[in-house]
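Order of listing sets the numbers, starting from 1, for every ligand and every atom in it.
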Amino acid sequence: MIIVMKSDAATEQIAAVAEHLEGLGATARVSTGSVRTVIGVVGDLDGVRSVAWDVLPGVERVMSVTGPLRFVSREAQHDGTVIEVGGLRIGGGTLTVIAGPCAVEDRDQLLEAGKAVKAAGAHILRGDAYKPRTSPYAFQGLGKEGLELLAEAREVLGMPFVAEVIDPRDVGLVSSYADIVRIGSRNMANFPLLQEVGRQQKPVQLKRGFTSTIDEWLNAAEYIYNEGNHQIILVERGIRTFETAARNTLDITAVPIAQSLSHLPVFVDPSHASGKRSLVPPLTRAAVAVGADGIMVDVHPHPESALVDGSQALEPAEFSELMEDVRRLAEAVGRELA
Ligand code: PEP
Ligand code: MN
């Protein structure tokens, strides 16, 4: 269990909560950061659970973490992780924008998309060479040829890129090309794949499984961290709920929760969360407003002929317009946009 204190909580209020916990037989691990104090509660929690901690003076909220997070929790490291990619700083108060097509289809499509997102102000290009498709008969990606096109785009545009890896046997290949490797939603609980990306050196984007709890997501990050790779970016991409109006339900609440439980940067993918172009701008604005460390948006030069996910891809002009809002909102919430 974790008790998050308010940013203006007094020292005596923090001490009172810690003493109360100790009095109930638990151990209070007080972690004081530059912004707020977080109290990790371990040991005997029997007496602790029945107390309404959130009504005590100075307490902001209480969270229960069932699995033992050794490395990715705020208790383990209070200050936010900052990841450097191609001269960019991810985390640490910045807002990183990743954009590009869902899948690499050919050189023209990738370069056209890349030039447009770069001109609009995106920092990192997205484009996948391996696609996890619902149907085995759908376009599965260009494989190695796609990675070569992405590497070419990086040279032409001067932009790092992120690409998904879906098979443990391809981790070495994908990470030899990509600046960031991504674990998609469907593979969040593919533990051998998580371990394999944990054993290589490139930063890893870890999408939340669409049927996974925040706790399961953080434990998946723990698998990567445990193998020695500490450069992990969490991505909220919508979860499956009873609601069918959008492809998924963007769990915006997960962003501040994951940020308070973990020191890892938390991004939002409004495109896969909604599956619908018209919903991408409002959800992107919500993501920036809620304090996400980054966003990842699908942009395609010709969405109507896209081989994958055309219905959620923004056209370059729409993305450029959205970036104006992103800039204004980033400033309003104190995020530094490179
Ligand atoms: C993607 O980003 O292209 C993707 C497949 O997303 P997700 O894993 O979130 O479905
Ligand atoms: Mn997609």
Side-chain angles (χ1 to χ4, degrees), residues 96-105 109-110 113-114 117 122 124-136 138-143 146-147 150 161-167 170 174 178-190 193-194 197 203-214 216-217 220-221 224 232-241 246-252 254-255 258 266-277 279-280 283-284 287 292 294-314 319:
T96 303
V97 178
I98 302 179
C102 178
V104 180
E105 296 168 15
Q109 171 250 15
L110 182 63
V117 300
I124 298 173
L125 180 66
R126 68 150 291 154
D128 290 337
Y130 295 92
K131 296 305 306 174
R133 306 304 303 281
T134 304
S135 162
F139 175 61
Q140 305 283 318
L142 296 179
L147 294 171
L150 284 157
F161 74 86
V162 55
E164 178 161 354
V165 59
I166 59 178
D167 187 326
D170 293 330
V174 176
D179 300 282
I180 303 175
V181 297
R182 193 175 67 251
I183 299 293
S185 187
R186 286 157 194 78
N187 276 314
M188 190 212 81
N190 181 339
L193 182 61
L194 297 176
V197 296
V204 180
Q205 258 193 335
L206 176 63
K207 285 194 150 187
R208 179 179 178 185
F210 53 80
T211 57
S212 299
T213 64
I214 295 170
E216 288 162 343
W217 187 24
I224 300 172
I232 306 165
I233 301 160
L234 300 168
V235 186
E236 160 59 41
R237 49 77 74 209
I239 51 174
R240 188 166 281 181
T241 67
R247 183 169 169 185
N248 294 287
T249 298
L250 176 61
D251 184 4
I252 204 84
V255 177
V266 182
F267 281 34
V268 169
D269 177 344
S271 307
H272 290 83
S274 64
K276 238 184 217 171
R277 186 177 317 159
L279 296 174
V280 173
L283 296 187
T284 302
I295 49 171
M296 181 158 76
V297 181
D298 279 15
V299 178
H300 194 292
H302 309 287
E304 66 290 348
S305 57
L307 294 181
V308 190
D309 285 347
S311 55
Q312 69 195 32
L314 296 185
F319 177 67

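Summarising the geometry, atom CG belonging to Leu250 is positioned 5.5 Å from atom CD belonging to Glu236; distances are rounded to the nearest 0.5 Å. A distance of 4.5 Å separates CG in Asp170 from OH in Tyr130, rounded to the nearest 0.5 Å. Going from atom CG of Leu150 over to atom CZ of Arg126 covers 10.5 Å, rounded to the nearest 0.5 Å. To the nearest 0.5 Å, atom CG of residue Asp298 and atom CG of residue Asp269 are 6.5 Å apart. Once rounded to the nearest 0.5 Å, the distance linking CZ of Phe319 with CG of Leu314 reads 8.0 Å.
Angle NE2(His272) to the Mn ion (ligand 2) to SG(Cys102): 140° [nearest 10 degrees].
The Arg237 neighbourhood of ligand 1 comprises atoms 7 (P), 9 (O), 10 (O), with distances under 4.0 Å to a heavy atom of that residue. Against a heavy-atom cut-off of under 4.0 Å, Glu164 is close to the following atoms of ligand 1: 5 (C). Taking a cut-off of under 4.0 Å to the non-hydrogen atoms of Lys131, the atoms of ligand 1 that pass are 1 (C), 3 (O), 5 (C). Atoms of ligand 1 found under 4.0 Å from any heavy atom of Cys102, numbered from 1 in the order shown, are 3 (O). Near Arg182, meaning under 4.0 Å from any of its heavy atoms, are these atoms of ligand 1: 1 (C), 2 (O), 3 (O). Which parts of ligand 1 touch Lys207 is read off a 4.0 Å heavy-atom cut-off, strictly below it: atoms 1 (C), 2 (O), 4 (C), 6 (O), 7 (P), 8 (O), 9 (O). Within the listing of ligand 1, atoms 3 (O) sit less than 4.0 angstrom from a heavy atom of Asp128. Ligand-side atoms of ligand 1 in range of Gly184: 8 (O), range being under 4.0 angstrom from any heavy atom.
The nearest N, O or S atom of Asp309 is closer to the Mn ion (ligand 2) than 2.8 Å.
When side chains are defined from C-beta on, His272 counts as touching Lys207, because their heavy atoms get closer than 4.5 Å.
The shell of residues lying under 4.0 angstrom from ligand 1, judged by heavy atoms, excludes Arg208.
Minimum interatomic distance between Ser271 and Val297 (heavy atoms only, all atoms of both residues): OG-CA, 3.6 Å. Taking both residues in full, the closest heavy atoms of Ala163 and Leu147 are given as CB-CD2, 4.4 Å, listed atom of the first, atom of the second, then distance.
Nearest non-hydrogen protein atom to atom 8 (O) of ligand 1 is Ser185 N, 2.8 Å.
Remark: ligand 1 and His272 share an N or O pair separated by less than 3.5 Å (distance only, no angle test). For ligand 1, one of its N or O atoms has an N or O atom of Arg186 under 3.5 Å away.
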Check your understanding: Can you list the steps and then say if Asp309 with Arg247 is a salt bridge (charged side-chain N to carboxylate O under 4.0 Å, His left out)?
Key -> CA-CA 11 Å; Asp309 285 347; Arg247 183 169 169 185; 3.2 Å; yes
